[in-house]
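Here the structure is laid out as structure tokens; the discussion comes afterwards.
Residue numbers start from 1 in every chain, and the chains themselves are labelled A, B, ... in the order their sequence lines are given, proteins ahead of strands.
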There are 2 protein chains.
Amino acid sequence: MLSKKAQYAIYALVNLARKYNEGPVQIKTIAEEEHIPRKFLEAILIELKNLGFVNSKKGKGGGYYLINHPEDINLLTITRNFNGPLGLIPCACVVSYERCERCTDEDACSIKMMFRELRDTTADYLEGINLANLLEDNYFLNNNP
Amino acid sequence: MLSKKAQYAIYALVNLARKYNEGPVQIKTIAEEEHIPRKFLEAILIELKNLGFVNSKKGKGGGYYLINHPEDINLLTITRNFNGPLGLIPCACVVSYERCERCTDEDACSIKMMFRELRDTTADYLEGINLANLLEDNYFLNNNP
DNA sequence: ATATAGTCTATAGGAATAGTAGACTATTTT
DNA sequence: AAAATAGTCTACTATTCCTATAGACTATAT
């Protein structure tokens, strides 16, 4: 399961994607519409800003907005920044890789290979989904066999 | 990432699978070979026993052993019992499903569909791997295109 | 009997998660 | 310039989960 923080980040970005090109959206609005605790959301938005996903405008009529087009933000990127490693065991991770103490030959270890393949499948899948895909109702029903 | 507990459970079971039909294996032996803290391993083995994966024999020459053939224990079953939900968001879970507060029509929600498909892929993958598969070096090199 | 080896109860430190409070700063409109 | 709006920053807290550990107890085999 993703952390609440990671989940909130995704929902906040989807909310902004839905209103792309409609001007800044207030923190309060996002918090209410997405059922996210306001103060918690503030912290997440600042992180999203530092990561280059969103920008903000202060004062009246201010709020947050997406910097890039929804099509250019995929779920792997979001997940990477707000959640731990994708691999299920340390030696199967890429970014957070740790050598396995149990192995003499890690390159022949079936346990590692198995978990590594699962990790890669997951990464590819998440990378293939962007925010625009998530806006359309029934996207999957319409695009899957 | 799986919890240490879940990882240890998998490595302990693989250790027992490697010695299937060779009589009971002592806690101490498994702990040393798999680099698992002994007392922690004790607790995990008791849980594995209650779940019906292993049995134990007391006294001299005692230890733990697998009840079923390694081929009959898949990784989905192990993971389910020692780690949280497979789905990345609550509404995409099966066992730990929670209704989404954001949705009016969950059946048309692309976010849910996406995470649900990923969950199902992961579950199918884990279910397809059994302990016997993990014993053979290079299993994946030999069986994947 | 005695050594061996699993079982049970209880506890505990620490990290991560999730959330809160309040003062402060920048911008826009009047 | 003043007032209202809205984001920013610092600090704090509560709770849960993870990862263990200690030690006394019980059952079995020889």
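Within residues 4-19 of chain A, the residues that have a heavy atom under 4.0 Å from DNA chain C are, in order of number, A:K4, A:K5, A:Y8. For residues 30-56 of chain B, proximity to DNA chain D is found at B:P37, B:K39, B:F40, defined as any non-hydrogen atom under 4.0 angstrom from a strand atom. The stretch residues 78-100 of chain A has no heavy atom under 4.0 Å from DNA chain C, so no residue of it qualifies as close.
A:C109 has its side chain out of reach of A:R102: every pair of non-hydrogen atoms, C-beta onward, lies at least 4.5 Å apart. Contact annotation: the side chain of B:E98 never approaches that of B:C91 to less than 4.5 Å [non-hydrogen atoms, C-beta and beyond]. Between A:I30 and A:R38 the shortest side-chain heavy-atom distance does not fall below 4.5 Å. Considering only heavy atoms from C-beta on, A:K49 comes within 4.5 Å of A:N55 through its side chain. Counting only heavy atoms from C-beta outward, the side chains of B:E117 and A:Y125 approach each other to under 4.5 Å. A:C103 is not listed as a side-chain neighbour of A:K112, based on a closest heavy-atom distance of 4.5 Å or more.
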task: Sugar-phosphate atoms are those with a prime plus P, OP1 and OP2; base atoms are the rest. Using that split, label each nucleotide of nucleotides 25-30 of chain D B, S or - for protein heavy atoms under 4.0 Å, 5' to 3'.
output: --SBS-

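Legend: residues meeting ring-ring contact (aromatic ring centres under 6.0 Å, His included) with A:Y8, ordered by chain and number and at least two apart, are A:F40.
Computed from coordinates, the B:I27 CD1 to C:dC8 P distance equals 11 Å when rounded to whole Å.
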- request: Go through A:L13 and A:F53 one step at a time and tell me if the side chain to side chain contact (heavy atoms under 4.5 Å, CB included) criterion holds.
  value: CA-CA 8 Å; A:L13 288 171; A:F53 288 106; 4.3 Å; yes

Can you give each donor-acceptor pair under 3.5 Å made by side-chain atoms of residues 69-84 of chain B, sequence neighbours left out, with the distance rounded to 0.1 Å?
residue : atom : partner : partner atom : Å
B:H69   : ND1  : B:E71   : N            : 3.0
B:N74   : OD1  : B:L76   : N            : 2.9
B:N74   : OD1  : B:T77   : N            : 2.9
B:N74   : OD1  : B:T77   : OG1          : 3.0
B:N74   : ND2  : B:T77   : OG1          : 3.4
B:T79   : OG1  : B:L75   : O            : 2.6
B:N81   : ND2  : B:T77   : O            : 2.9
B:N83   : OD1  : B:S3    : N            : 3.0
B:N83   : OD1  : B:S3    : OG           : 3.4

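Taking every side-chain heavy atom of A:Y64 into account, D:dG7 is the closest of C:dG6, D:dG7, D:dT19.
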